[in-house]
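Please read the structure below before turning to the comments.
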Amino acid sequence: MAPAVEVAKLVKHYRGSHRGLNGIDLTVGEGEVFALLGPNGAGKTTFVKCLLALLRPTSGSISLFGEPAGNPGARRGVGFVPETPRFPDFLSAQEVLRLHGRLIGLPHDDLKLRISERLEAVDLTDAPKRVKAFSKGMIRRLALAQALLGSPRLVIMDEPTADLDPIGRRNVRNEIAGLKDQGATVVLNSHLLSEVERVSDHVAIVHQGRLLAEGGIDQLVPDGQDLESVFVDLIEKAGN
Ligand code: ATP
């Protein structure tokens, strides 16, 4: 069976600079919860955008479930929670999800039920009428509902718990655990290392576009330490 994500020799340089990604090799197995960690500017969002084929790599290859990342077949099975979600502010949460459901071709009969289930899961059933009146945390919860509407087999989340209160963070954790139970794969970026430690099976630490360390939480974090101290140690040793 092909892995959920297979990245080989991935380089992405932005025009006129050598910033971005400088040769990443990484495999994420189907059903894993994988977290990509790194300091600001390490290349995490660049990595996510390459997986989503929103950015074209300078070189190297990426496949999702054995298909090149840009192929429609590979993209169909992916749900995405962006770092800064934006929705038309004149729509309601239901209308946002209805629009999204239609765009991804969900059957009409099923859509109403799915939308109410998704809104309930992210606690937005009684949200204000229009997105315009949503708080940042509500927008992020709507983005999660949108990403999961089509029951994707791979869910990519860029900072999914940013702006969320403790209850919102717990809901995201529960969603991730639920996705794992259903056999879906989750790839997430986060700076919240305590959250990552609670939900992830597999972690990679990136710095200046290169992988510094990768493995299971148990392999990376020795007894008596936590992920944050391992992270800080590695980044300080790597220097600038
Ligand atoms: P953060 O944790 O701050 O969100 P990140 O790990 O997601 O950071 P990226 O946004 O992937 O980092 O940026 C990686 C590097 O690429 C940084 O040096 C950044 O300045 C650079 N970069 C990102 N986007 C562009 C762009 N559009 N043009 C030029 N350079 C860019």
Side-chain angles (χ1 to χ4, degrees), residues 5-28 32-64 69-70 75 78-86 136-137 139-141 143-144 147 154-164 168-169 172-173 176 185-200 202-215 217 220 226-240:
V5 177
E6 194 160 30
V7 172
K9 299 187 171 64
L10 175 63
V11 174
K12 171 65 194 173
H13 289 157
Y14 290 98
R15 193 170 298 170
S17 89
H18 279 262
R19 293 182 173 183
L21 298 172
N22 289 308
I24 303 276
D25 292 287
L26 200 60
T27 300
V28 180
E32 280 185 352
V33 177
F34 168 78
L36 186 65
L37 316 176
N40 290 132
K44 302 177 300 295
T45 297
T46 304
F47 179 81
V48 159
K49 286 184 177 167
C50 288
L51 290 191
L52 292 160
L54 295 174
L55 281 178
R56 192 196 296 263
T58 306
S59 60
S61 66
I62 307 173
S63 52
L64 307 180
R75 297 170 72 139
V78 178
F80 175 46
V81 183
E83 188 176 13
T84 322
R86 288 200 184 92
K136 280 189 284 186
I139 300 237
R140 195 162 285 279
R141 286 189 268 142
L144 182 63
L154 171 63
V155 184
I156 299 177
M157 303 178 168
D158 200 350
E159 294 287 350
T161 52
D163 303 321
L164 292 184
R169 286 211 292 274
V172 170
R173 264 202 315 276
I176 292 174
T185 307
V186 179
V187 169
L188 60 101
N189 279 349
S190 183
H191 290 295
L192 267 178
L193 302 191
S194 54
E195 293 287 336
V196 166
E197 204 162 1
R198 290 169 82 162
V199 298
S200 314
H202 180 180
V203 172
I205 298 176
V206 67
H207 180 50
Q208 296 178 343
R210 294 183 196 283
L211 278 191
L212 284 186
E214 190 214 333
I217 291 272
L220 284 186
D226 58 17
L227 185 57
E228 186 176 280
S229 54
V230 171
F231 175 90
V232 171
D233 235 36
L234 275 168
I235 300 298
E236 282 181 352
K237 277 193 191 128
N240 291 316

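For reference, positions follow the sequence shown, starting with 1. Start at 1 and go down the list; that is how both ligands and their atoms are numbered.
Enumerated by chain and number, the residues approaching ligand 1 to less than 4.0 Å through a heavy atom are Tyr14, Arg19, Gly20, Pro39, Asn40, Gly41, Ala42, Gly43, Lys44, Thr45, Thr46, Glu83, His191.
Panel note: side chain Lys44, backbone Pro39; a donor-acceptor pair is recorded below 3.5 Å.
When the ring-ring contact (aromatic ring centres under 6.0 Å, His included) test is applied to His191, no partner is found at least two apart in sequence or on another chain. For Phe34, the ring-ring contact (aromatic ring centres under 6.0 Å, His included) test picks out His202, with sequence neighbours left out. Residues satisfying the salt bridge (charged side-chain N to carboxylate O under 4.0 Å, His left out) criterion with Arg173, sequence neighbours excluded, are Glu195.
For the pair Ala147 and Val81, the tightest heavy-atom approach, listed with the atom from each and the gap, is CB-CG2, 3.6 Å.
The number of heavy-atom neighbours closer than 6.0 Å to NZ of Lys12, taken from other residues, nucleotides and ligands shown, is above 12.
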